[in-house]
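Chain letters run A, B, ... following the sequence lines, proteins first, then strands; residues in each count from 1. The figures that follow rest on heavy atoms only: side chains count, while hydrogens, waters and symmetry mates do not.
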Amino acid sequence: MSINGVKGFNEILPADSALWQFIEDTARRVFARYGFSEIRVPIVEKTELFCRSIGDTTDIVEKEMYTFSDKGGTSLTLRPEGTAGVMRALIEHKLYARDSINKLYYMGPMFRHERPQKGRYRQFHQIGAEAVGSAEPVMDAQVLLMVSRLFRELGLDEPRLQINSLGCPDCRPAYREVLVAFLNEREAALCDDCRRRKSTNPLRALDCKVPGCVEATEGAPAMVEHLCSACDEHFGAVQGYLTAADVPFSLNPRMVRGLDYYTRTTFELVTGLLGAQSAVAAGGRYDGLVAQLGGPSAPGIGFALGVERVALLLGDRSFARTPDLFIAVMGEAARSRAFSLMAALQDQGLWVETDCEGKSLKGQMRRADKLGSRYSMVLGENEVVSGAATLKRMIDGQEQSLRLDSETLENLIRQG
RNA sequence: GUGGCCAUGGUGAAGCGGUUAACACAUAUGACUGUGACUCAUACAUUCGAGGGUUCGAUCCCCUCUGGCCACCCCA
């Protein structure tokens, strides 16, 4: 028996890697336009960091983290999300002191011990961005604009932007009481989970998919109607900017968050195309997080997108590249001549292939065809002696003879 | 953590108690001794995820395990 990989940990095979590179390259290109720079942080952090940022009672911390002790006895955890580590680095290196605004992005693997299913894996990949240092609604709008443009550049119009406001420590507790009172009135109609949520995380009940709960919470009070004036004004301004720039969005007053640190603006890009996984990207404002982790009271807003989910949406779009030239060879002298010719053309940036299996000429031509090579050329004794060869365009079989030197060959290939 | 469905070659799959384990694609070689695609020929699973049981006989029935998928919870 051979050894298999670990459940929920997958490789990106060559057939998919071009798609992944497209996603990553697009993100880098788009982020650069909004002044975001990459930050690379470790995938392991002290466990305490995640407990303090994500929240001790969240599902992620309670049951989904890959936690272990290192040899010194410190409890370490494979990062389940990216924001905590980035904020830790920002504080540790006092990036906030160098510049009052830090716009950072990251990409890489995250780890959560959940049962794998479509669009959900134990090692998954996120591309995220964080803007720290501004509490102004225009920064919210800029980040939302950037996400929206990123998906446009990826060629996806399907995930739709939904936004909501979760209020702040001034107004959320009061709203929470109003909501709990409402839920208490309808307790009989709620599912077991929602009865439990009433005390742990009542906002979650708004997000329950059980039909009875959906019905029971239909007229539930919404956070957006209970925002304090500062939050209300902020949220209104964000929407104003988005409208002004024609960024399409819709309001979803029932959107909640799984992580404790979110305040005010939250958003998701949702799709119906990924089975149970509707969120392709999600984020929000976290004005208290940096201070909570021991830094200055710097407000921030950020988001992360799930690369696997984006890749699923992009589907079987082909990013396959093909060779420019395949040189078929016959005989040792020709092989040697072909090798130096190939080297010269590759130095010029062309993708050139040749036979590495000692195949028959027919076998080599078949391989040239299978690789999808644009051109082929046969090098045998005749060509070595005469210094001339025939270049064949594979798509239509058209041939032309030429002198056997790399420059003329390169020119012919480039023009056609 | 809970539930449902499923495991046959490199791939997609038929077969559901006795077959030489179909068929298709892919791959290799040849017909075409120096030219791909089309066509034709040949090759390609002593074996049906692993282990046990029932049976004269099990890919097919039963049990256990392992793996996968999907869903719940939750989330990107």
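Leu274(A) has its CG atom 14 Å from the C1' atom of C70(B), to the nearest Å. Remark: P of A28(B) and NZ of Lys362(A) are 13 Å apart, rounded to the nearest angstrom. Between the CE atom of Met65(A) and the C1' atom of C75(B) there is a distance of 15 Å, given to the nearest Å. When rounded to the nearest whole Å, the span between CD of Glu114(A) and C1' of C70(B) equals 15 Å. Atom CE in Met365(A) sits roughly 14 Å away from atom P in U33(B) (whole-Å rounding). Atom C1' of nucleotide C74(B) and atom CG of Asp59(A) are separated by 5 Å, given to the nearest angstrom. The separation between Lys118(A) atom NZ and C5(B) atom P is 20 Å, rounded to whole Å. Across the protein-nucleic acid pair, Arg120(A) atom CZ and A76(B) atom P stand 10 Å apart, rounded to whole Å.
One donor-acceptor pair, N or O on each side, does fall under 3.5 Å between the base of G34(B) and the side chain of Glu383(A).
Judged purely by distance below 3.5 Å, without hydrogens or angles, the side chains of Arg285(A) and Ser165(A) never pair a donor atom with an acceptor atom. A donor atom on one side chain and an acceptor atom on the other are found under 3.5 Å apart for Thr77(A) and Thr67(A).
The minimum heavy-atom distance linking Arg254(A) with Val214(A) is given by the pair NH2-O, 4.4 Å.
Here A14(B) sits opposite no nucleotide as a Watson-Crick or G-U wobble pair (both hydrogen-bonding atom distances under 3.5 Å). Within the shown strands, U27(B) is the pairing partner of A43(B) under the Watson-Crick or G-U definition, both distances less than 3.5 Å. The base-pairing partner of U35(B), taking Watson-Crick or G-U wobble contacts with both distances under 3.5 Å, does not exist among the strands shown. Applying the Watson-Crick and G-U wobble criteria (two distances, each under 3.5 Å), U55(B) pairs with nothing in any strand. Across all strands shown, the partner of G1(B) is C72(B), judged by Watson-Crick or G-U wobble contacts whose two distances both fall under 3.5 Å. Using Watson-Crick or G-U wobble geometry with both donor-acceptor distances under 3.5 Å, U20(B) finds no partner in any strand shown. Across all strands shown, the partner of G67(B) is C6(B), judged by Watson-Crick or G-U wobble contacts whose two distances both fall under 3.5 Å.
A distance-only check finds a donor-acceptor pair linking the side chain of Thr408(A) to the backbone of Arg403(A) [under 3.5 Å].
Note on ring orientation: taking the six-membered ring where Trp is involved, the planes of Tyr286(A) and Tyr261(A) are perpendicular (angle over 60°, cut-offs 30° and 60°).
Considering only side-chain atoms of Glu64(A), the nucleotide from A76(B), U29(B), C74(B) that sits closest is C74(B). Taking the side chain of Arg366(A) as heavy atoms from C-beta on, and the options G34(B), U29(B), A76(B), the nearest nucleotide is U29(B). For Leu259(A), the side-chain atoms get nearest to A76(B) when compared with the rest of C73(B), G34(B), A76(B).
Taking atom P in both U35(B) and U42(B), the straight-line distance is 25 Å, to the nearest Å. If you take atom C1' in G17(B) and the same atom in C48(B), they sit 15 Å apart, rounded to whole Å. Between A22(B) and C44(B), the distance separating the two C1' atoms is 15 Å to the nearest Å. Comparing the P positions of C6(B) and U55(B) gives a spacing of 27 Å, expressed to the nearest Å. Here, A31(B) and U20(B) have their C1' atoms 28 Å apart, quoted to the whole Å. Look at the P atom in both G15(B) and C74(B): the space between them is 41 Å, to the nearest Å. One P atom belongs to U11(B), the other to U46(B), and the distance between them is 14 Å to the nearest Å. Taking the P atom of each, C65(B) and U27(B) are spaced 41 Å apart, rounded to whole Å.
Neither OP1 nor OP2 of C70(B) sits under 4.0 Å from any side-chain N or O of Gln117(A). Put simply, Lys7(A) has no side-chain N or O that comes within less than 4.0 Å of OP1 or OP2 on U66(B). In this structure, Arg115(A) does not reach the C73(B) phosphate: none of its side-chain N or O atoms is under 4.0 Å from OP1 or OP2.
Less than 6.0 angstrom separates the ring centroid of Phe31(A) from the ring centroid of Tyr105(A). A distance of 6.0 Å or more separates the ring centres of Tyr66(A) and Phe50(A).
Along RNA chain B, the nucleotide nearest Val6(A) and the nucleotide nearest Glu308(A) are compared for position; the residue whose nucleotide lies closer to the 5' end is Val6(A). Both Ile395(A) and Asn10(A) lie near RNA chain B, and the one whose nearest nucleotide falls closer to the 5' end is Ile395(A).
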